[in-house]
A.B. asks: 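What follows is a single structure, and I will ask about it in a moment.
Just so it is clear: chains get the letters A, B, ... in the order the sequence lines come, proteins before strands, and each one is counted from 1. These figures come from a predicted structure and were not determined experimentally.
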Amino acid sequence: MDRRSFLKTTAIAAFTVATLPASALRANAEGKKILRMGYGSEVLTLDPIKTVYGPDILIQGMMFARLLQANADRTEVGPGLAETWEISPDGKIYTFHLRAAKFSDGSPITATDVAFSWNRMRFQKDSAYAAPFQPLIKIEATDDKTVVMTLDRQFTPFLTLTEIWNTGIVPKAAVEKMGDEAFAKAPVTSGPFKFAEWLPGDRVILAKNEHYYLEGQPHIDGLEFRYVPDDNTRVSMLQAGELDVCLGVPAPRMVELKAAGFRADPEPSSETYDMLINHSAAPFDNIKFCQAVSHGIDRQAICEAVTLGLGTPATSIMSPSLDYFDKSLPTIARDVEKAKSLLAESGVSDASFELIQNAGIADEEKAAVLIQAQLAEIGIAVNIAKIDSTQAWTRLAEGTYQAEMNWWYNETRDPDNALRWCVWGAGDNKSYFTRYNNDTVNKLVDEAAGEADTAKRAELYAQIQKIVVDEVAQVALYHPTWLNAYAPNVQGLILNVGLQFSSIGETTLG
Amino acid sequence: MNRFSFALRRPIQLIPVLLGISVITFILLQLTPGDPVRLMLGPKASQEAIDFVRARYGLDQPVLLQYFYYILNALRGDFGQSIAFRAPVGDVIVERIAPTTFLILYGLLISISLTLVLAVAAARNRGSWLDHIIRFICVAGVGVPSYFIGLLLIMGLCLRLKLFPVSGYGPTIVNNLWHLFLPALTIGIAVTPILTRNLRATFVQQMDADYATACRSKGLTERYIFARHVFWNSLLPTVNLLGVVVAFLIGGTVVIENVFNIPGLGNLLIRAVLTRDYFVVQAVAFILAVGVVISNFVVDLLTALLDPRVKL
């Protein structure tokens, strides 16, 4: 390269920069109202039955309508695709009556499509999340507008489950014609948005579904769901006007964003951050040892350090955002003396364990290091093993671990799903792989799910919470909040406890 | 040997390199514990669902048989299925090649331009303040990590001055000259000091060489000697160094792609390794290896062009 070509290059670069005005930064060209969201994980599939992964759940929730529809903060579920429904007196038969509605390709949504979608979710072999629907044994379309579902027992939480993302209605004809794999990449939808384009590794673009059953919704013309893995880059993009919504803001940056005029308020979440312990292996097969650990940990300090005050220390195993959370449970204060005496009582000679931490997750690292320091004072040695999540999940499932930093959330406000998932030892996942198995708890969980009376349910759930905290089914640490920031012109959008933007249809972009 | 036979020899050398790479990545992945299907279907999936999907991807077969099938299919141009994306590996990868290639070439363009200007300026003004400043910048530049430079550039040029976008990859080349300017500049800032130090040193050495003294004694101007003789004679070591730098860049775009959110191969590779997306890792390693071999090939060609004594 000589001087001349260098000059030429510089000139081209300068010209390019000069001719592209800063206004090009705004993607909202041609007066179209496009909402741009940034998320730290990448969308992998658009088929609702094939995933339990955050970005998939979020975007699918905005693409597929369900039988029932939640309000913005998911305090209520009301009519969705089903306008009305009846429950048989024995609580076993649910009859849903559909409204007139269309898929994004203009074809009508019939009872056959609903039965097809549900059967697929419930019985197809590679359905990722059929677990909460165990009592459901039969789904059939009795006429064009009626779907009848049969349960093998009275199961009170069932209606709230008809809103969760993987029950999204898909068109039978399109799925059968395209096949699962092709459908997952460019689906025909039933919700407020239809699929437009997928740029792998970058973004999924959705457009307004003109056939959506709610007249006039959505108010915005489209949506871009962008994959931005780096937290700070994502925040920078919001600040620079390249995003309208930044999901997953690092706690220290919330204050800065709020001061700059963004809507950056913590939103209630159903998450519990915890340390899972393996009850089937030493030293956590000894209940006194579990209790020593639980009392040796300073939940307040961990919560403060990780969430910077934007979360609450755990008193129960489940989040305060869930129904039937027992408010009367006392704070689990750190008690060094009690922990030491419990340790002595336990008779465990080798007071040490390995704590698995998912590599690269800063919040887990903070919490793990604090646990290590706090338990050292009790006389328990903690070895932190940083391994990547794929390996961690495998060890969890196999039961070849002692303790692991983890978290979970719940799709519904009804706690059945959560408790069945993490303390019900009779399930396939062995109480979230902790191997905690208490017959009394198992029975209470079943009884509470079959109980229709609210007051009685509350009582049963209070009993369960007390037992599992006492027996340290898992070491619940704290309940964080969703940390998202929205540009000031984004109105009416919140992320609810079930990780859904249920009000996306009403959202405006001023 | 003529140029033609040399060009033919390279692809043949590629075969053992690629076989070696496929064996090594395959063994390493098999040795790393962790089940990609468990991750894909999530913690709430039943064991039955997991076994079903494992069988579909052939992961329940013996390892040797898996490798055998992999090679057999690869020879037919089928690189397997991405487990995470539930799609053919080819589809997943093909769109990511362009951003990474563009970024590396753009970064090199900036690096080479900067290097030539700085090295010539420093060498022509040897011992002056300019020389000292350039040398100081080069020493400092080698020590600063590229993600840090990237963050500083984002804060300064994107958030304060709003000159460039923070992230992304545009649809057209012109658009990308703008979109990828900062990431390319980041590469430039990381690479230029290494190249400049090397080139300046060679310039200085060549300016003191006997042939330069001979030219001076003939009464040629310093400017003529430099432009005509010293400059061209000095390029060789830096061109060779450039080959090494490109190989380093091909592996190193991971960080830059992450900071500037560019949907390229580096980004994909990290994700694939972490989620044990076996066939994607294999294929990306394959492409990166081809990239390194091609860059070495180009360097060899350049060397022969610059130095007639080198026989191809």
A.B. asks: Report, as yes or no, whether the 6.0 Å neighbourhood of atom CG on B/L59 holds more than 12 heavy atoms from other residues, nucleotides or ligands.
C.D. replies: yes
A.B. asks: Using only atom types and a distance under 3.5 Å, with no angle test, would you say the side chain of A/D202 pairs donor to acceptor with the backbone of B/I262?
C.D. replies: no
A.B. asks: Non-hydrogen atoms of chain A under 4.5 Å away: do they reach the side chain of B/Q81, the backbone, both or neither?
C.D. replies: side chain
A.B. asks: Let's test your reading of the structure: which of B/V53, B/N258, B/I154 forms the most heavy-atom pairs below 4.5 Å with chain A?
C.D. replies: B/N258
A.B. asks: Heavy-atom distances under 4.5 Å only: say whether A/F433 touches chain B with side chain, backbone, both or neither.
C.D. replies: side chain
A.B. asks: Let me confirm one number: the OG1-CG distance from A/T51 to B/L41, rounded to the nearest 0.5 Å.
C.D. replies: 8.5 Å
A.B. asks: If only atom types and distance count, is the side chain of A/T233 paired as donor or acceptor with the main-chain N or O of B/F260 below 3.5 Å?
C.D. replies: no
A.B. asks: Are there residues of residues 393-401 of chain A that reach to under 4.5 Å of chain B by heavy atoms, and which ones?
C.D. replies: A/W393, A/T394, A/A397
A.B. asks: With a sphere of 6.0 Å drawn around NZ of A/K386, does it hold more than 12 non-hydrogen atoms of other residues, nucleotides or ligands?
C.D. replies: no
A.B. asks: To the nearest 0.5 Å, tell me how far B/R38 CZ sits from A/S389 OG.
C.D. replies: 14.0 Å
A.B. asks: For A/M178, does the CE atom have more than 12 heavy-atom neighbours from other residues, nucleotides or ligands under 6.0 Å away?
C.D. replies: yes
A.B. asks: Check whether any side-chain heavy atom of B/L159 lies under 4.5 Å from a side-chain heavy atom of A/S236, and answer yes or no.
C.D. replies: yes
A.B. asks: May I ask you to check whether over 12 heavy atoms, not counting those of A/F123, lie within 6.0 Å of atom CZ?
C.D. replies: yes
A.B. asks: What distance do B/T275 atom OG1 and A/L44 atom CG have between them, rounded to the nearest 0.5 Å?
C.D. replies: 8.0 Å
A.B. asks: Using non-hydrogen atoms and a 4.5 Å limit, figure out which bit of B/P36 sits close to chain A: side chain, backbone, both or neither.
C.D. replies: backbone
A.B. asks: Side chain, backbone, both or neither: which part of B/F85 has an atom under 4.5 Å from a heavy atom of chain A?
C.D. replies: both
A.B. asks: Taking A/K125, A/R234, A/K50 one by one, which has the highest count of heavy-atom pairs under 4.5 Å against chain B?
C.D. replies: A/K125
A.B. asks: Kindly compute the distance separating CG (B/D35) from OG1 (A/T390), expressed to the nearest 0.5 Å.
C.D. replies: 9.0 Å
A.B. asks: Less than 4.0 angstrom from a charged side-chain N to a carboxylate O is my criterion; do B/R86 and A/D47 meet it?
C.D. replies: no
A.B. asks: Is any side-chain heavy atom of A/L199 closer than 4.5 Å to one of B/P263?
C.D. replies: no
A.B. asks: Is any side-chain heavy atom of A/Y227 less than 4.5 Å from a side-chain heavy atom of B/R271?
C.D. replies: yes
A.B. asks: So which part of A/Q239 gets closer than 4.5 Å to some heavy atom of chain B, the side chain, the backbone, both or neither?
C.D. replies: both
A.B. asks: Which bit of A/D126 comes within less than 4.5 Å of chain B, counting heavy atoms only: side chain, backbone, both or neither?
C.D. replies: both
A.B. asks: At a heavy-atom distance under 4.5 Å, which candidate from A/T45, A/N429, A/V43 has the highest pair count against chain B?
C.D. replies: A/T45
A.B. asks: Could you give the side-chain donor-acceptor pairs of residues 87-97 of chain B under 3.5 Å, partners two or more places apart or in another chain?
C.D. replies:
residue, atom, partner, partner atom, Å
B/R96, NH2, A/E42, OE2, 3.2

A.B. asks: To the closest 0.5 Å, what do you measure between SG (B/C158) and CE (A/M237)?
C.D. replies: 10.5 Å
A.B. asks: Against chain B, label A/R226 side chain, backbone, both or neither, depending on which of its atoms sit under 4.5 Å from a heavy atom there.
C.D. replies: side chain
